[in-house]
Amino acid sequence: MKGWLRSSPIWLLAVLLLPAGRADTLDPLSEAEFFADQPLVLSASRLATPANRAPAAVSVITREMIEATGFRHLVDVLRLVPGFIVGWSGGNTAAATYLGLSEQFPHRMQIMVDGRSVYDPSFGHTVWRGIPVALDEVERIEVVRGPNAAHDGLNAMMGTIHVYTRHSSATLGGMGEVAIGNRDYRETNLRYGGMTDNGSWRLGFLAREDEIHGVDQDRANDVQVNFRGDFSASPWDDVMLEFGLSRGRWQGTNIGNLFYDDQHAQYVNGYANLLWKHVLPEGREWALQFNHTYSQNQEAIPLPAPIDPLSGDYRTSGTALELSYLDRSSAELKKSLSGEFRLNRVRLPMQLDNDYDSDYVFSLSGALEWNPAAEWVVHLGTMLERHSDNGDTSLSPRFVVNWLPSDAHAFRLGIAHGETATSIYVNNVDIRLSVGGVTVDQIFASTEDLEPEKINTVELGYHFSKPEWGLNLDTRIFHNRLYDVVDVDSRRLPNNDRYNVYFNHPTIEVWGLEYQLKWRFARKGWLWLSQAWLSSHSSDDIMYERSVPGYTLSLLASHPLGGLDASVGYYYTEPMRWYAGKYDSKYNRLDARLAKNWKTASGKWQAALVLQSLNGVEDESFSEYLYKHQKYQRRGYVSLKYEFY
Amino acid sequence: MAIPPSYSPRRGGLFAAWIAACLLLAWMTGALAAPAVTLVLSEDAPLYAAVARALRAELEADRRGWQLRVRTWREYRSAEEHADLVVPVGLRALQSVLAERDNTPVWALLVPRASFEQLAGKASARGRPVSALYLDQPLSRHMRMLKAALPRARQVGVLLGPESSVRPEALRAAAESSQLKIVSARVDAIEDLVPALTSLRNEIDALLLVPDPLVVGRGGLHALLLHTYQLTLPVAAYSAQLLEAGATLALFATPEQIGAEAGARLREARGGNGVVVPAPEHPQSYQVAVNRNVAVSLELRIPAGETLRLRMERGTEP
């Protein structure tokens, strides 16, 4: 037992978490405060490339904006990003897609939380509700709009969403929050953070119950716990350790097929993430990241006798090891290199031809940022990635030139090619109805040799920044050509019965103009406005054209109002139709938030009132196998938050 | 061998003795006239060695001659070695020197002003002359640097811990001279840092770090620099190490600059066979440096450190 204790990581953790002693009186300042080596906090990898020099359009959603929205779900915040559509199918499964072109499982964006991919390799989507991160813990969200496979790999075909949680040193002390609203909304959020001799840590807990659409089969319960620790082994070595677990019980389906009214899913997600950064002199550093993510869905599907019951159960796991090197020692030429090995394992008993399917992924990426003159930046990046599941090797290059004729104006011209890996489900699907173990109907089979979906993009960006006016504008006009898009077709069996297959076929073209504007018009007043005008064409299927909304708008403004923090959010999309949907989805939604902050001797309080969908309803309609027509109706909640140190 | 009749071996020996005595007297007179200075180092470490080396080079360039001894605080015993001036280098050395029952004048180097004032009071009360060339730069110079680097800045934030090295009124007075306004927030524990910064964010254009064991201590530095970066708030610091850690710009004197300036001040303070203890002062010498990577990432167009220094000296802040 003693040996186990000594060798256990728990022992190490306990040592790391020992509370730091605090001296009763502070010694006089010495010269050490001026000359001692300090940890390199803002190392090269922590510094973002400024928007006017970046190789892609990036929307940065800050903590201030997240709070002002009043949203309680991470995925909803993406409504602020130009061209984004967020919807909930059945109330428990959120879908967020850039430029439409999706069913309820959008799969063309990479989503990463603190550098860990939360993209589920089974269906190739993200179970947003199951990510064990409370919105209160999120520091900022960076959304790269446009192909980013050169940086983040195959799944970043349409872009990447990077979610960064708050450093544990920013959440010291305790926090408790309760929120309650109509339509059965309740949430309890607890957090505690402390310091050790060489770092800091945070433990978070969240319990939530809600009904997104307020229909009978729409209730969802979530419980989450997570931990983040940040430790400095030396001034040049930083270690971040995270782990978390979430458990959800959701009415409806998590696999996209609703067979009976009382269907429900039990979902579990767990992860561990370890990042070690070693800083070298002169802006160079390397990082080693290891993470493991596990998720499990249990969903029973009894079918009318004599058909054998189906199972919506699935399990997936992803284990990744990444080594990266960054060199910003030269102002003229900045370099980065990264290599990753990932093992994805999936068990989809109802839907795959094998119990377990594995996909070994190897990737190697490199990027150069060359500054030949003060007003020019040239970016060249590429990613080489190989998936064992389909045997494909893909190359995703990107070439971008930024021209900065003055401090205020910058132009960007870029071309990029991206690919997205077909999911393990799509590669291996085998769904059949059986009676007594004998197949009576082959519904889906994987008889086609699938290619990765591909995209070619050309974009012209313009960035305007005038700090003295508090103004920041980012615009982009682009043309996307998607080809080898995976579609569904039917084939005929020898006995003339038909079955479905996935195959590469359609080509889709999307033109777009979008912009985002952030204007800080007063010290405490600011406005965020984003709009996108989109147009699509596909000679193959009207479904693709319909799935792209012609127009999206997001407006969020915040300003003090008589001692209160007041904010309004307005979100609008023209009608679009999710793939296989029979009805249009759209939103025209006005939200408002009022918050009062005050301090007492023991801590800080915040009371907030949030009203959502004030002006009408949000219509959401996904496939015909789900609820027909869902509405996000007018609702409100109040919350009370207490933070103490 | 023929010996000249005028030469007597006895007379020759006397002459040689006389010459030697004159030389000895001349040497002794010179030696006695050269002020004896004992440098007492806090540690046998490169930081203190750099100060001692620069100071020695400055004194050796003085033809009048100096007696310079270098000791660590463990080796130093005032009763064993006469000195006209004791120069402790660093806080530990100053504490050690002041603990001795001695009235030799003391002139401290590498000691922050607040710490010096805290320690020197008792010694001065006993009648011992105690002074210092402070380690920290004057607040007014920090304000001029901020104005030179961020001409549009109007309000500067400062976080003050319970044992902060500066007083709010001194900060305010220094800021006014550069048409800046100080907005300060009290921080009683490391846990207060981020909430205090968040509450200041909409009030201030930059954050000025001042030496403070709580605010800039190892425990709080991560939170401080990460959070200011996330708030896109430029940070002005007082050391090269803080600049490297992630501050946007910094004003400081290097150990070599401090040693050289101390040597030059000693030369100026020499009077006759002794040395007058210089008055307590901030250093004249300084450097301004900019963390280019942080500034670019914050989309700030801050000129190079040398340009800022020229602007500060010419009073041509835009």
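Letters go in sequence order (proteins before strands), and every chain restarts at 1. A quick note: this is a predicted structure, and the numbers were derived from the prediction, not measured.
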* Asked: Which word best sums up how the rings of A/F521 and A/H559 line up, parallel for under 30°, tilted for 30 to 60°, or perpendicular for over 60°?
  -> parallel
* Asked: Do you know which of A/E643, A/R53, A/K524, A/K604 has the most heavy-atom pairs with chain B at a distance under 4.5 angstrom?
  -> A/K524
* Asked: Side chain, backbone, both or neither: which part of A/S232 has a heavy atom under 4.5 Å from chain B?
  -> side chain
* Structure fact -> Heaviest contributor of heavy-atom pairs below 4.5 Å to chain A, chosen from B/P112, B/S239, B/G246, is B/P112
Using a 3.5 Å cut-off and no angle test, enumerate the donor-acceptor pairs between side-chain atoms of residues 91-98 of chain B and protein atoms at least two apart in sequence or in another chain.
none

* Take atom CZ in A/R523; do more than 12 heavy atoms of anything else shown fall under 6.0 Å from it? -> yes
* chain A heavy atoms under 4.5 Å from B/A45: which part of the residue, side chain, backbone, both or neither? -> neither
* Asked: Is it true that a side-chain atom of A/R63 and a backbone atom of A/V138 form a donor plus acceptor pair closer than 3.5 Å?
  -> yes
* Non-hydrogen side-chain atoms of A/D565 and A/S558 separated by less than 4.5 Å -> no
* Asked: What part of B/T198 is in contact with chain A, defined as an atom under 4.5 angstrom from a non-hydrogen atom: side chain, backbone, both or neither?
  -> neither
* Structure fact -> Applying a strict 4.5 Å limit to non-hydrogen atoms, the region of B/L47 in contact with chain A is side chain
* Which bit of B/E244 comes within less than 4.5 Å of chain A, counting heavy atoms only: side chain, backbone, both or neither? -> both
* Asked: Quick one: side-chain hydrogen bond (donor to acceptor under 3.5 Å, both in side chains) partners of A/R520, sequence neighbours excluded?
  -> A/E64, B/N202
* **chain B interface, residue from A/L47, A/L40, A/T49 that has the most non-hydrogen pairs under 4.5 Å** => A/L47
* **Result of checking B/V111, B/I258, B/L110 against B/V89 for side-chain contact (heavy atoms from CB on, under 4.5 Å)** => B/L110
* Asked: Between B/A240, B/P255, B/A237, B/G161, which shows the greatest number of heavy-atom pairs under 4.5 Å with chain A?
  -> B/P255
* Check whether A/E139 gets within reach of chain B through its side chain, its backbone, both or neither, counting any heavy atom under 4.5 Å. => side chain
* **Heavy-atom contact with chain B under 4.5 Å, split by part of A/D238** => side chain
* To do: Kindly compute the distance separating CG (A/L473) from CD (A/Q516), expressed to the nearest 0.5 Å.
  => 8.5 Å
* To do: Please check if atom CZ in B/R167 has more than 12 non-hydrogen atoms from other residues, nucleotides or ligands closer than 6.0 Å.
  => no
* Side chain / backbone / both / neither for B/L243 at chain A, heavy atoms under 4.5 Å -> neither
* To do: Against chain B, work out which of A/R328, A/R140, A/R46 has the most heavy-atom pairs shorter than 4.5 Å and name it.
  => A/R46
* For side-chain hydrogen bond (donor to acceptor under 3.5 Å, both in side chains), just list the numbers for A/S200 and A/S168, CA-CA rounded to whole Å, side-chain angles, deciding distance to a tenth of an Å, and then say yes or no. => CA-CA 6 Å; A/S200 52; A/S168 56; 2.8 Å; yes
* With only heavy atoms counted, which part of B/V294 is less than 4.5 Å from chain A, the side chain, the backbone, both or neither? -> both
* To do: Could you look at A/A51 and say if it's the side chain, the backbone, both or neither that has a heavy atom under 4.5 Å from chain B?
  => both
* Neighbour count >12 (heavy atoms, 6.0 Å) for atom CD, B/E203 -> yes
* Portion of B/N291 that has a non-hydrogen atom of chain A nearer than 4.5 angstrom -> neither
* Tell me, for B/Y48 versus chain A, whether the close heavy atoms (under 4.5 Å) come from the side chain, the backbone, both or neither. => side chain
